[in-house]
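Written below as structure tokens is the structure these notes are about.
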Amino acid sequence: MQEVETLAEVEVLAIAAHRDDVELTCGGALIKAQRAGRITGIVDLTAGESGTRGSAQLRATEAAAAAEVLGVSARYNMGWPDAGIQDTVQLRNELASVIRMMKPRVVIAPPINGRHPDHHTAAQIIRDACFVAGLAKLSGDFKPHRPLKIIHAIAYREDYVKPTFVVDITEEFEQKMEAIKCYSSQFDNALQAGEIYPTGESLYEVIRHQSAHYGSLIRTRYAEPYYTHETMRFDDIGALEVSSF
């Protein structure tokens, strides 16, 4: 899959600071949505040129391969400076234009807090861009569009907020791992990455154990955690899952 200027409209759009962030934090949910018949996409804000390992060109190739594994319909790179994202009006409006083009109903954003400055800055600029994308008088070639829902993927960030909900990715987990392993330049023989703290195990084992931990919270094998600012709605209390005992 090529990163091209023509962007497809999607229902679920994951936006993250770096190529590989989406795979690590919400790859399972994207696979699950795609399997359910929803159109999914990814926007990476930077090319990853400041990464310790590999290069921007290599990561572009890896990102294209991972996109194929995830089954997304579009993947686009904003080309913002790696390790230098700033919440400016210019960048916010650039992202708002892409959101208007892709017209997502749901946007998945990074955690509100994060070790890497790009992560928490990206979380705020994504929220801001989703709002201004709906302003009628914002200049641009596309009609206003404001996503209905913004959720934050908070895998590996248990230090500041409890998940609002978790998604069972037991059936999707091995496919998610296949997408993550497309980034061999970043993760082979690695012990940590992004928000993932080292435990002495390989990065791949840390991901598996963390996903198993979140799965245990809802009595499944593997899961991913998410946070929303607003209260979640549920209408049929007779259909509630997860045993209390």
Side-chain angles (χ1 to χ4, degrees), residues 11-14 16 20-42 62-63 65-72 106-115 119 149 151-184 186-228 232-234 236-245:
E11 296 173 81
V12 180
L13 178 63
D20 72 33
D21 286 348
V22 164
E23 288 80 1
L24 288 169
T25 61
C26 60
L30 283 183
I31 294 167
K32 197 177 190 80
Q34 190 272 336
R35 288 182 178 181
R38 300 199 179 276
I39 302 171
T40 59
I42 298 171
E62 293 172 334
E68 293 286 355
V69 175
L70 294 175
V72 297
V106 175
V107 167
I108 306 175
I112 301 164
N113 289 357
R115 287 201 303 162
H119 292 175
K149 196 80 168 176
I151 64 176
H152 296 271
I154 59 169
Y156 322 111
R157 298 300 311 186
E158 297 185 69
D159 54 332
Y160 74 100
V161 68
K162 185 175 182 178
T164 305
F165 64 93
V166 294
V167 176
D168 178 11
I169 61 164
T170 301
E171 294 184 4
E172 294 77 23
F173 180 76
E174 296 304 334
Q175 187 174 342
K176 167 179 172 160
M177 288 299 295
E178 182 183 349
I180 291 171
K181 289 179 180 180
C182 288
Y183 295 94
S184 58
Q186 302 301 304
F187 302 142
D188 282 3
N189 302 313
L191 300 179
Q192 67 180 81
E195 304 300 324
I196 306 177
Y197 288 90
T199 66
E201 300 177 293
S202 75
L203 181 82
Y204 299 129
E205 286 304 305
V206 176
I207 294 168
R208 185 175 295 275
H209 293 162
Q210 284 280 304
S211 300
H213 162 65
Y214 295 121
S216 73
L217 300 180
I218 57 169
R219 321 298 188 256
T220 67
R221 187 169 182 182
Y222 298 116
E224 291 172 340
Y226 295 88
Y227 174 80
T228 64
M232 292 293 295
R233 169 181 169 176
F234 196 86
D236 184 1
I237 60 172
L240 288 170
E241 299 187 51
V242 184
S243 170
S244 297
F245 302 104

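The shown structure was predicted, so the numbers you read here are calculated from the model rather than taken from an experiment.
- The heavy-atom pair separating Cys26 from Ala153 by the smallest distance is CB-CB, 4.2 Å.
- With Tyr183 contributing its side chain and Ala66 its backbone, the two residues share no donor-acceptor pair below 3.5 Å.
- Residues satisfying the ring pair (Phe, Tyr, Trp, His ring centres under 6.0 Å) criterion with His119, sequence neighbours excluded, are His18, His116.
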Could you list the donor-acceptor pairs under 3.5 angstrom formed by side chains in residues 236-245, with sequence neighbours left out?
from   : atom 1 : to     : atom 2 : distance (Å)
Asp236 : OD1    : Gly238 : N      : 3.0
Ser243 : OG     : Phe245 : N      : 3.1
Ser243 : OG     : Phe245 : O      : 2.6

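- Every residue meeting the salt bridge (Lys or Arg N to Asp or Glu O under 4.0 Å) condition with Lys149, not counting sequence neighbours, appears here in chain and number order: Glu230.
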Enumerate, atom names and distances included, each donor-acceptor pair closer than 3.5 Å involving a side-chain atom of residues 31-39, sequence neighbours excluded.
from  : atom 1 : to     : atom 2 : distance (Å)
Lys32 : NZ     : Asp168 : O      : 2.9
Arg35 : NH1    : Glu171 : O      : 3.3
Arg35 : NH2    : Gln175 : OE1    : 2.6
Arg38 : NH1    : Glu11  : OE1    : 3.0

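- Note that CZ of Phe234 and CZ of Phe165 are 13.0 Å apart. Values are rounded to the nearest 0.5 Å.
- Taking 4.5 Å as the limit, every side-chain heavy atom of Thr25 sits out of range of all side-chain heavy atoms of Pro110.
- Listed by chain and residue number, Arg59 satisfy the salt bridge (Lys or Arg N to Asp or Glu O under 4.0 Å) test with Asp20 (two or more places apart in sequence, or in another chain).
- The distance from atom CE of Met177 to atom OG of Ser211, rounded to the nearest 0.5 Å, is 7.5 Å.
- Remark: Glu201 pairs with no residue by the salt bridge (Lys or Arg N to Asp or Glu O under 4.0 Å) rule, at least two apart or across chains.
- For Tyr156, there are no ring pair (Phe, Tyr, Trp, His ring centres under 6.0 Å) partners, not counting sequence neighbours.
- Taken from CD1 in Ile108 to CG in Asp21, the straight-line distance is 13.0 Å, to the nearest 0.5 Å.
- With rounding to the nearest 0.5 Å, the separation of CD in Gln210 from CG in Leu203 is 10.5 Å.
- With sequence neighbours excluded, the residues forming a side-chain contact (heavy atoms from CB on, under 4.5 Å) with Ala223 are Val166, Tyr214, Ile218, Thr220, listed by chain and number.
- Sorted by first then second residue, the salt bridge (Lys or Arg N to Asp or Glu O under 4.0 Å) pairs that include residues 152-162, not counting sequence neighbours, are Arg157-Asp159, Arg157-Glu195.
- Considering only heavy atoms from C-beta on, Leu24 comes within 4.5 Å of Ile196 through its side chain.
- By the side-chain contact (heavy atoms from CB on, under 4.5 Å) test, Ala29 is found to be paired with Glu224, Tyr226, residues two or more places apart in sequence or in another chain being considered.
- The residue from Leu13, Thr40, Val22 that alone fulfils the side-chain contact (heavy atoms from CB on, under 4.5 Å) condition with Val72 is Thr40.
- We find the CG-CZ distance between Asn113 and Arg115 to be 13.5 Å, quoted to the nearest 0.5 Å.
- Under the rule for a ring pair (Phe, Tyr, Trp, His ring centres under 6.0 Å), the partners of Tyr222 that lie at least two apart in sequence or sit in another chain are Phe173.
- For Arg208, the salt bridge (Lys or Arg N to Asp or Glu O under 4.0 Å) partners at least two apart in sequence or on another chain are Glu174.
- Between the OG1 atom in Thr164 and the CE atom in Met232 there is a gap of 7.5 Å [rounded to 0.5 Å].
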